[in-house]
Amino acid sequence: MTSRITPLNLTSAVLVVILGYTIFGEETNSVGTNVWLVAGILLLSVVSDILFRGILKNLKRIWLIELLFISFVVAMMLIIKQI
């Protein structure tokens, strides 16, 4: 099995760094909430990457679908934040 770099892999790597900085970095007022939020998004990213890799075999299609998925999740987060 070959290792393929996908957008959700990159997103997961960035989220792991953010999670580590949130836990071990400077103290803020709402660290507990941020940790759970970032951890939840990280879990969603990892699980959805595994699902997309299982369903789609073409690397171009994986990139397209995962970029659309990331755009959708960001848009939904921004909409929910406005409510």
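Everything numeric in this text was worked out from a predicted model, so none of it was measured. All residue numbers in this chain count up from 1 along the given sequence.
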Q: In the single-linkage hydrophobic clustering (I, L, V, M, F, W, Y; side-chain heavy atoms under 4.5 Å), do Val14 and Leu42 co-cluster?
A: yes

Q: Quick one: does any side-chain atom of Arg53 pair with a main-chain N or O of Ile62 as donor and acceptor, under 3.5 Å?
A: no

Q: Is there a path of hydrophobic side-chain contacts, each under 4.5 Å between heavy atoms of I, L, V, M, F, W or Y residues, that connects Ile70 with Val47?
A: no

Q: Is the backbone of Ile5 close enough, under 3.5 Å, to the side chain of Trp63 for a donor and an acceptor to pair up by distance?
A: yes

Q: Could you go step by step and tell me if Leu19 and Leu15 meet the side chain to side chain contact (heavy atoms under 4.5 Å, CB included) rule?
A: CA-CA 6 Å; Leu19 186 63; Leu15 288 172; over 6 Å; no

Q: For the OG1 atom of Thr6 and the CZ atom of Phe52, what is their distance to the nearest 0.5 Å?
A: 10.0 Å

Q: Any link between Leu67 and Ile65 through a network of hydrophobic side chains (Ile, Leu, Val, Met, Phe, Trp, Tyr) touching at under 4.5 Å?
A: no

Q: Could you tell me whether the side chain of Asn9 and the main chain of Arg4 form a donor-acceptor pair under 3.5 Å?
A: yes

Q: Would Leu51 and Phe72 show up in the same hydrophobic cluster when neighbours are defined by side-chain heavy atoms closer than 4.5 Å?
A: no

Q: As an exercise, state the distance from CG of Leu43 to OG of Ser48, rounded to the nearest 0.5 Å.
A: 9.0 Å

Q: Would you give the length of the straight line joining atom CD of Glu66 to atom CG of Leu10, rounded to the nearest 0.5 angstrom?
A: 9.5 Å

Q: Give a yes or no on whether Ile50 and Leu59 share a hydrophobic cluster (residues Ile, Leu, Val, Met, Phe, Trp, Tyr; joining criterion: side-chain heavy atoms under 4.5 Å apart).
A: no

Q: Return yes if a side-chain donor-acceptor contact under 3.5 Å exists between Ser12 and Ser45, otherwise no.
A: yes

